[in-house]
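Presented below is the structure to which this report refers.
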Amino acid sequence: MADVSPNTDIRFDPSEKPPMPLTIGMGLQLALLSIGGIVFTPAIIIRGGLGEGSDEYLAWAVFAAVIICGISTILQALGKFRIGAGYILLMGTSGAFIGVCIGALTKSGPATMATLVIVSALIQLLFAAKLARFRRILTPTVTGTVIMLIAVTVMPILFDMLKPVTGSGTGLTGVALSAGTVLMITLLLAMKAQGILRLWAPMIGVAAGTIVALFFGMYDMQSVADAAWIGFPTAGWPGIDLSFGPTFWALLPAFVFVTIIGAIETVGDSIAIQQISWRTPRASDHRAVQGALSADGVGNLLSGLVGTIPNTTYSSSVSMVELTGVASKAVGVALGIIFIFLALIPKFLALVLAIPLPVVGTFLLVLIAMLFMLGMKIVVQSGIDYRNGLICGISFWIGTGLQSGSIFPDFVSSIAAGTLENGMVGGGLVAILLTIISEFTFKPRKRMVVDLDISSLPEINSFVQNFSKPHSWSDDFTAQVEGAAEEALLILCNQIEPTEEKGLLQLAIKAESEQAVLEFIAADSKENFQDRIALIGSDFSAQDLEREISFRMLKHLTASVQHERYHGTEIIILKVKKSTSNRHISI
């Protein structure tokens with residue numbers, strides 16, 4: 001059984017309210033830690049896509065981005081009306097959109113980019129509502145590979161930022177020293193510092209690099225001096241292009257794909273924050289994940305309407321909660337309010353925007369390198385077998401070849417207006433295609449649909465027996481699988497009130513080497529199987545005796561139980577191994 005010992009490091013869980021000074025202090029700390037990334041991303045995209053002369057739009061886009069991130073962070077913390085996770089999830093501008101947004105600005109301008117963001121946000125909201133249907137395609141192998149390809153796509157842009165600007169008067173020495181200072185200090189602090197200092201490593205590195213750049217005249221002091229202390233831009237909104245021309249349709253697949261990638265990142269962060277926010281560990285609730293995705297989608301929709309860069313969750317909030325033990329959603333609300341307040345101080349935003357490109361590029365170089373390693377970690381943790389290794393390796397190198405223009409460049413550029421020239425899009429599509437082929441061709445499932453009622457048990461047993469024959473299962477193992485299915489059915493049926501209408505139950509079964517995998521899909525249940533099994537042995541009332549016995553039997557018969565709860569849908573996955581040793585319940 002998994003370890004469910006209390007997490008004594010949690011000082012305030014999501015439902016508790018810390019003292020006001022602590023709440024504001026935590027919110028301010030998170031805001032200052034992340035504001036650089038939120039401001040840098042639109043600055044990089046707009047400068048990269050439109051070049052000089054875009055100051056008015058840049059000021060508007062940065063202001064709007066900070067405001068939207070504040071609103072989205074508040075929605076995440078509140079978790080109302082199926083929008084928001086109900087946890088501290090810091091929202092910031094998404095670095096994954098750097099490549100596609102620069103392409104949209106270069107080819108068609110800000111108005112078309114805004115329309116692309118709006119349409120892709122609507123697709124993300126649909127994705128959030130139908131999340132359960134994508135669980136087999138968007139596997140950790142696909143997710144990790146695409147995250148690695150984000151780095152491949154963005155790195156050439158960052159390398160260009162490290163070059164001296166022709167005619168600017170900035171020499172190679174100033175660029176090299178300022179960028180080297182950022183890199184050296186950031187890496188030293190990240191590797192050697194402990195606790196809160198490590199979280200501040202990127203900002204300390206940027207501050208040091210900016211000071212060096214100041215000595216070489218690379219920092220634009222005049223723009224900071226000209227900025228007002230209080231106010232907001234009154235011009236710069238690009239509008240929305242509703243012509244839906246050829247460029248829009250050519251760019252849409254890339255935007256949708258990157259949006260889904262951002263959604264995958266949000267899924268990971270929302271699961272991680274659940275794991276560390278409670279004193280008693282709980283199984284991940286995918287309804288909170290859907291809420292996080294919906295808040296992310298609403299934020300992206302607002303971003304498109306105001307003509308700025310889409311947002312996503314930042315993992316720094318997960319690190320901060322783990323470090324401080326403060327997981328109260330009140331901190332998330334305070335953080336969002338602080339973002340909105342900072343957006344109304346133009347001088348503060350100008351102070352950040354004036355940081356030279358070599359400093360910003362080096363800062364992002366470190367973050368993108370960490371993103372690459374995160375993708376690699378996701379793939380490795382999912383298990384590198386022959387199949388997953390092949391999917392990851394082939395997809396990554398095809399994506400890299402497409403990005404560098406090494407794979408049939410003339411032919412690739414003629415497909416979908418060159419969309420596949422983006423390594424993340426091309427490599428990601430290959431990963432998804434290979435996963436679909438592997439999942440639905442080489443590991444077929446057998447399915448059946450019955451009434452969610454104990455009277456369906458004979459039909460389920462017959463289904464299991466018919467499946468076992470071509471796989472040459474022994475009688476004992478077949479009986480073990482039947483027993484696990486029976487106990488799961490009993491538990492599901494016992495959670496239905498006598499006055500409730502009985503729904504349908506879909507059962508799928510699959511053989512995997514030395515085990516059988518049973519998947520039950522039903523309507524909402526009242527408790528999580530994983531949590532209940534993990535708490536076996538706790539006090540329970542006499543009327544719960546029957547359910548307690550069923551949970552104990554399920555634990556005995558299975559190697560693992562995974563329960564994914566979505567809005568309106570429950571998915572219970574049982575793994576029954578032929579070898580009955582070392583059984584456990586994963587949480």
Side-chain angles (χ1 to χ4, degrees), residues 1-2 132 135-136 283 286 439 443-496 500 502-536 544-566 569-587:
M1 186 174 70
R135 67 191 185 282
R136 291 200 193 105
H286 284 71
E439 182 70 22
K443 291 186 177 181
R445 289 176 171 84
K446 297 293 184 182
R447 291 179 174 82
M448 69 176 304
V449 178
V450 295
D451 292 330
L452 183 54
D453 189 88
I454 194 61
S455 62
S456 300
L457 183 58
E459 192 174 351
I460 292 176
N461 287 338
S462 176
F463 174 70
V464 173
Q465 290 168 8
N466 291 334
F467 184 84
S468 69
K469 292 176 183 178
H471 293 87
S472 302
W473 288 353
S474 66
D475 292 341
D476 288 343
F477 182 60
T478 301
Q480 185 181 344
V481 175
E482 289 177 355
E486 178 180 352
E487 298 305 331
L489 178 65
L490 285 170
I491 296 169
L492 286 169
C493 291
N494 286 336
Q495 296 192 72
I496 302 175
E500 291 183 23
K502 296 178 180 178
L504 297 176
L505 173 67
Q506 177 179 300
L507 171 61
I509 187 170
K510 178 178 66 173
E512 286 187 351
S513 60
E514 296 298 312
Q515 69 179 4
V517 180
L518 300 174
E519 180 183 83
F520 295 81
I521 302 178
D524 287 335
S525 63
K526 294 181 175 59
E527 64 181 328
N528 190 289
F529 279 31
Q530 289 177 237
D531 288 337
R532 190 65 190 90
I533 291 175
L535 295 173
I536 283 178
D544 289 334
L545 179 59
E546 183 179 351
R547 287 193 310 121
E548 181 75 9
I549 292 173
S550 291
F551 279 119
R552 287 180 178 272
M553 287 296 297
L554 192 60
K555 177 188 175 183
H556 173 71
L557 293 167
T558 61
S560 68
V561 174
Q562 181 181 348
H563 189 177
E564 300 177 0
R565 309 182 75 186
Y566 301 87
T569 303
E570 305 288 320
I571 300 174
I572 299 101
I573 301 172
L574 310 179
K575 293 186 178 180
V576 184
K577 288 190 175 181
K578 293 181 180 180
S579 173
T580 58
S581 61
N582 298 322
R583 294 195 184 106
H584 67 280
I585 301 300
S586 64
I587 293 185

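Trp473 and Ala516 make their closest contact through CH2-CB, 3.5 Å (heavy atoms, listed as atom of the first residue, atom of the second, distance). Across every non-hydrogen atom of Gln480 and Lys577, the tightest pair is NE2-O, 3.4 Å.
With a 4.5 Å cut-off on side-chain heavy atoms, Ile460 and Leu507 count as touching. Side-chain contact between Gln465 and Thr478: present, with at least one pair of heavy atoms (C-beta onward) separated by less than 4.5 Å. Side-chain contact between Ile509 and Val481: present, with at least one pair of heavy atoms (C-beta onward) separated by less than 4.5 Å. Under the 4.5 Å side-chain criterion, counting only non-hydrogen atoms from C-beta, Val517 is in contact with Ile573. Taking the side chain as every heavy atom from C-beta outward, Asp451 and Ser455 never approach each other to under 4.5 Å.
Atoms CZ and CZ, from Arg447 and Phe463 in turn, are 9.0 Å apart once rounded to the nearest 0.5 Å. Ser468 OG to Glu482 CD: the interatomic distance, rounded to the nearest 0.5 Å, is 7.5 Å. To the nearest 0.5 Å, atom NZ of residue Lys575 and atom CD of residue Glu519 are 11.0 Å apart. Atoms CG and CG, on Leu457 and Leu489 in that order, are 6.0 Å from each other to the nearest 0.5 Å.
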Assess the residue pair Ile571 and Phe520 against the criterion (side chain to side chain contact (heavy atoms under 4.5 Å, CB included)); give the C-alpha distance rounded to whole Å, side-chain angles, the decisive distance to 0.1 Å, and a yes or no. CA-CA 6 Å; Ile571 300 174; Phe520 295 81; over 6 Å; no
